[in-house]
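Residue numbers begin at 1 in each chain, while the letters A, B, ... track the order of the sequences. No experiment lies behind these values; they were computed from the predicted model shown.
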2 protein chains.
Amino acid sequence: MPEVDDTLTNVLRRRIIDGEFAPGTRLSEISLAEKLGVSRNTLREAFRVLSEQGLVEHVPNRGVSVASPTVADVVDIYRARRYVEPAALAAGSPLHPAVTAMREAVEHGETSLEARDWRTLGTANMAFHDAIVALADSPRLERLFRDIAAELRLAFLEIDNPEALHAPFVTRNRALLETFLEQGGPAAAAELQDYLVLSERTVLGAFTRLRHG
Amino acid sequence: MPEVDDTLTNVLRRRIIDGEFAPGTRLSEISLAEKLGVSRNTLREAFRVLSEQGLVEHVPNRGVSVASPTVADVVDIYRARRYVEPAALAAGSPLHPAVTAMREAVEHGETSLEARDWRTLGTANMAFHDAIVALADSPRLERLFRDIAAELRLAFLEIDNPEALHAPFVTRNRALLETFLEQGGPAAAAELQDYLVLSERTVLGAFTRLRHG
DNA sequence: ATGGCACAAATTGTTCAACAACAACACCCG
DNA sequence: CGGGTGTTGTTGTTGAACAATTTGTGCCAT
């Protein structure tokens, strides 16, 4: 269990990712500080951290608002994912502890699919990819992915069709895991490339449909 | 010319990278705020940003100190570089504007080598790799590399033999650029892999020599 | 109406002083 | 000499205040 970090920054982070503040929402220092029971200065420190993590956009003299990923952001996020994830998978060892996390994420995804719990399913899918990155044993790449995944969740929040967004990838995750274990990293990496292209297309499709009609 | 960003965060960032505060140096809020002519609160906001960027280490209730990269950090930094740089080079187009930046960095490196200006040479070498990453056209990967490069500079600061650290790579940069232009991205990517392994070994060698006597 | 222009209101940026919370250090006692 | 104890210095957080900037409003002239 990841221990609960109750710092103000993490509380805010969770609440934003959970969709409590819709993307684009302006976060007023005064009212939010009052609501959270902290001072403006303390809140501003948390804002700076979240801003560096890309969860929040800070415009000088105009305050901060919840990040609202654009199409360009989504494209860039997937570009970065294609740089990191397949390579991590290709070089990953089947004996790496992260493989257990991959397996658990797949199973967790399958049960949430049956339960039609799309929120949980989205979390499980992300955990699967997080485990893939963990294969690389690189704190810096993990941190990059953590930030990127959070941004992507914000993009998902704006799309109100979570089933189409997450459901198709449950079987793909299972298949990818099996490819990795039975045919090795490089084969799995190739499969993941296609997977990510499809995933990007799914998200971008829903996204542009959202903006154009 | 990159315009000068005179925010407190960037001022501090530059001064740290330039070695004004040695790695590991404790940064007292009170004295540093006074020295910089800002309030403690403002300084703390800058600290949070720099901490997220990895330039500074923040320990709750114990303050912040300039990051002092360990061997594990250097290993991880090079691991991340090997994930990103060769792939960016492999997929990069010779017509990309960043190629100009690569060329300029190579030439800049060659002149600083003649002048035996190791500080400038280190900057030029980093600019070369920055340009390689820029080939990927990914803001997020560029940001990752920016932070990583800054951390690496801190590691360099602790090694007092900058010539051995930077000089050998001037001719390699030139060669790598030519390989890229004449034989294409994939060939250059393979060359860069070896390059990075050698570079890592050079840094780690100097590093362990430093710690062991 | 419409396009600016000055003014007013609201928000962010920054400072200061104070105190609580915590860590490191020196000291004393057994 | 080891272990508690208090002292000291630092960080964590707050509240209030003011400066700087943006935003909204109403007015005027065209």
Distance check needed: D:dA17 C1' versus B:N41 CG, whole Å only.
13 Å
Rounded to the nearest 0.5 angstrom, the CG-CD1 distance for B:L177 and B:I132 is 8.5 Å
For B:T42 and B:S39, test the side chains for any donor-to-acceptor distance below 3.5 angstrom and give the result as yes or no.
yes
Could you check which residues of residues 44-51 of chain A get a heavy atom under 4.0 Å from DNA chain D? Sort them by number, please.
none
Produce the list of close N/O pairs, under 3.5 Å, pairing protein atoms with atoms of nucleotides 19-23 of chain D; give distances to one decimal.
residue	atom	partner	partner atom	Å
D:dT23	OP1	A:R62	NE	3.1
D:dT23	OP1	A:R62	NH1	3.4

Determine which pairs satisfy side chain to side chain donor-acceptor pair (under 3.5 Å) with at least one residue from residues 137-152 of chain A, sequence neighbours left out, and list them in order.
A:H96-A:D137, A:S138-B:D76, A:R140-B:D73, A:R140-B:D76, A:R140-B:E151, A:R143-A:D147, A:R143-B:E52, A:E151-B:R140
Check whether any side-chain N or O of B:R119 sits under 3.5 Å from a backbone N or O of B:D18 as a donor-acceptor pair, and report yes or no.
yes
For the CG atom of A:N41 and the CZ atom of B:R44, what is their distance to the nearest 0.5 Å?
9.0 Å
Side chain to side chain donor-acceptor pair (under 3.5 Å) pairs touching residues 55-69 of chain B, sequence neighbours excluded, are B:S68-B:E158
Electrostatic pair B:R79-B:E200, nearest N-O below 4.0 angstrom
no
Residues in contact with DNA chain D, drawn from residues 22-35 of chain A - heavy-atom cutoff 4.0 Å
none
N/O (side chain, A:T42) to phosphate O (OP1/OP2, D:dG12) under 4.0 Å:
no
Relative to each other, are the rings of A:F169 and A:Y195 parallel, tilted or perpendicular (30° and 60° limits)?
tilted
For B:H108, does its backbone N or O pair with a side-chain atom of B:S112 as donor and acceptor, under 3.5 Å?
yes
When you look at CD of B:Q193, are more than 12 heavy atoms from neighbouring residues, nucleotides or ligands closer to it than 6.0 Å?
yes
Interface limits on DNA chain C, where chain B has a heavy atom under 4.0 Å of a nucleotide atom
C:dT14 to C:dA24
With a 6.0 Å cut-off on ring centres, are B:F156 and B:H166 close enough?
yes
In plain terms, say whether B:D6 and B:R14 are close enough for a salt bridge, that is, a side-chain N and a carboxylate O under 4.0 Å apart.
yes
Does atom CD of A:E34 have more than 12 heavy-atom neighbours from other groups under 6.0 Å away?
no
